[in-house]
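Structure first, commentary second.
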Amino acid sequence: MKYKGMIGLMDSGVGGISVLKECVKLLPQENFIFYGDSANAPYGEKPVETVQALTERVVDYLFKEGVKAVVIACNTATSAAVKYLRDKYPEKIIVGVEPALKPAVKANHHDILVMATANTLKLEKFKQLESTYAEGINVIPCACNGLAMRVEQGRLDDPDLIELLESLVGQYKGKADCCVLGCTHYPLIEKQIKEVLGDIDYYDSGLGTAKELKRQLKARGLLNTDSTEGSVTFESSHKTDEELKLYEMLFQS
Ligand code: DGL
């Protein structure tokens, strides 16, 4: 059990690193293993059954290696698989993520652009979120096909990323008073999204997810009480040194 007592985070690829950063800030004494399924990215445009099976494979692996909790740091994987996995592992802590629509509505925004994958926007979880929190609000869903995959490639300062963002969300500039980054890859390119959409408010689910993880660990007496600083380990299904370097670089940036 190589990850015994650690906290496992998973994503289809590098995106979950945006959630990992918040978890490490809030729980600096914990040991984290981040698993990116980059060999199978993107999840956002695959059949839902495939996403569920891919997510299950990673979560099974992390539990088999001894983690004390799993964070599904991917909106798409959460929507497709969290319910199924909580049924499969009723005794385990499994924290999911969801687009931060609730805080955006609470802050009195009325024209809310939600950038997410096609799967996240079409699945039940998002529909429920919308009907629970956003009645009477102009929610503008935007399926950002190809964007997570472009983030997977790195080179985030290259101009083609801005061109892609222009084609995906440029039309909403001036029409949305805030933007929900509903895919964990997108906080990694918030600076570039701002270049296109301007200086509106942006919401993501990183901090909320970290707080929920802490709450659940505390409730079960599973918080690490050592005073020494914890560690972060990276693993990827795309088993190359370059991939792990990209993970490290995005984590440090
Ligand atoms: N990072 C994932 C999410 O939060 C999905 C990206 C993808 O694989 O399409 O939805």
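Counting only heavy atoms from C-beta outward, the side chains of R150 and D160 approach each other to under 4.5 Å. A 4.5 Å side-chain heavy-atom check between V196 and Q192 finds every atom pair outside the cut-off. At least one side-chain heavy atom of Y247 sits less than 4.5 Å from a side-chain heavy atom of S38. Two residues are said to be in side-chain contact when any heavy atoms from C-beta on lie closer than 4.5 Å; C178 and Y202 fail this criterion. Side chains of K194 and I200 form no contact here, defined as non-hydrogen atoms less than 4.5 Å apart.
At distances below 3.5 Å, not a single donor-acceptor pair connects side-chain atoms of T76 with backbone N or O atoms of Y43. Within the 3.5 Å criterion, the main-chain N or O of A39 finds no donor-acceptor partner in the side chain of K239. A distance-only check finds no donor-acceptor pair linking the side chain of D37 to the backbone of S12 [under 3.5 Å]. Between the side chain of S205 and the backbone N or O of G208 there is no donor-acceptor pair closer than 3.5 Å. The backbone N or O of D111 sits nowhere less than 3.5 Å from a side-chain atom of N138 that would complete a donor-acceptor pair. The closest donor-acceptor contact from the side chain of T184 to the backbone of A73 lies under 3.5 Å. In this structure a side-chain-to-backbone donor-acceptor pair under 3.5 Å is present from K46 to P42. The main-chain N or O of E45 is never found under 3.5 Å from a side-chain atom of N145 such that the two would form a donor-acceptor pair.
By the 4.0 Å N-to-carboxylate-O rule, R215 lies close enough to E212 to be salt-bridged with it. Using a cutoff of 4.0 Å between basic side-chain nitrogens and carboxylate oxygens, E30 and K68 are scored as salt-bridged. In this structure, K4 does not pair ionically with E65, as no charged nitrogen and carboxylate oxygen lie closer than 4.0 Å. Ion pair K25/E22 flagged as a salt bridge, since at least one NZ, NE, NH1 or NH2 atom sits closer than 4.0 Å to an Asp/Glu carboxylate oxygen.
Listed here is the closest heavy atom pair of H110 and I137: O-CG2, 3.5 Å. Residues A77 and T55 share a closest heavy-atom pair of CB-OG1, 3.4 Å. Here the shortest heavy-atom pairing between V95 and T209 reads CG1-CG2, 3.9 Å.
Defined by atom type and a distance below 3.5 Å, a donor-acceptor pair is present between the side-chain atoms of N31 and S231. Side-chain atoms of H185 and E152 form a donor-acceptor pair, as typed in the model, at a separation below 3.5 Å.
With rounding to the nearest 0.5 Å, the separation of CZ in F251 from CG in L20 is 5.0 Å. Note that CD1 of I140 is 12.5 Å distant from CE of M115, once rounded to the nearest 0.5 Å.
In summary, of the residues considered (L244, I33, V14), a side chain to side chain contact (heavy atoms under 4.5 Å, CB included) with F234 occurs for L244 alone.
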